[in-house]
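Worksheet: one structure, shown below.
For ligands, and for the atoms within them, numbers begin at 1 and follow the listed sequence. Every heavy atom of this structure was used, including side-chain atoms; hydrogens, water molecules and symmetry mates were not.
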Amino acid sequence: MRLDSEAIKKYRKAGRIARKALEKAKEACEEGEKYLDVAEEADNFIWDKGAKPAFPTNISVNSVGAHYTPSEDDESRFEKGDIVKIDVGCHLDGYIADNAATVEIGTNRHGSLIKASEEALGIAIRSIRPGIRTKEIGKNIERAIQDRGFNPISNLTGHEVERYVLHTGTSIPNVPKGWTKIKKGMVLAIEPFATDGEGRVEEGDPGDIYKLQKQRDLDGEDLEFYKWIEDNFDHLPFAARWCKEYGDGYKELLKRQKRFGTVMNYPVLSEKKDGLISQREHTVIVTSNGCKATTRL
Ligand code: CO
């Protein structure tokens, strides 16, 4: 796949916005703060910069690994000792940047767990070049995490992104898996997850991150709402709370869409043995002899 210079420019610009949005959210993460305020801080920063969120900001606390975003009336607040993953992504004209980091609230007990995913990401990025197989990248990630005495999460992976598509093509595993060769021009979100638990996540309750499915015989108000979602969120994942703008009836309308099968929502993913999880993520563009992170200074 070839990327022209215009596409690369937009990927980089999206990367800068996503990085700063993540920084803002990290700074806002304090004891007693609401998850909702932190998520909105990041999402609003992205809109203010003229970009759009590529998905709702994920706030995953302790043994939660992914797919949690606060609802409009979510009262959860950070507590001392929490280990919080913030995953933020945005796009400019469909060119996506995705990044994540972990912070600890008010204590300093989980530095090694946090470093495990950070170091794994660094090693993975240094190893990426055209021709490397995904299992070699996964092996590097696994080894870096195990060197610190933790387990990688084997059923969460990094992913290839394409214009307006968040997860596509090649998966980048956190364990040695897959023979796919990396190619120049690929855009990859690399995201090692480390845990002191078993190393697998399982599905819990349905969360507040939604995705549009195929349109099926909708009419009237339902069709109108479906089209509004389509126009506003570009078929990328969206938060229930973003539909507030549509009007007070949005919760009922979303429920109806779910019943029709025209939207789905992702289950929240948590560590199987309730282990604590850390995560770090950058988006990279594969070049002729390595890769360049768009979400890193
Ligand atoms: Co991400």
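- For D87, the N, O or S atom with the smallest separation from the Co ion (ligand 1) is OD1.
- Using bins of under 30°, 30° to 60° and over 60° for the plane-to-plane angle, the ring pair H159/H167 lands in the parallel bin.
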Exercise. May I have the step-by-step check of side-chain hydrogen bond (donor to acceptor under 3.5 Å, both in side chains) for S63 and E271, ending in yes or no?
Key: CA-CA 5 Å; S63 60; E271 219 284 326; over 6 Å; no

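- Taking 2.8 Å as the threshold, E281 counts as a candidate ligand of the Co ion (ligand 1), since one of its N, O or S atoms lies below it.
- The distance from atom CZ of R19 to atom CZ of R12, rounded to the nearest 0.5 Å, is 13.0 Å.
- Screening L254, T69, I229 against Y210 for a side chain to side chain contact (heavy atoms under 4.5 Å, CB included) leaves a single residue, L254.
- Of all N/O/S atoms in D98, OD1 sits nearest the Co ion (ligand 1).
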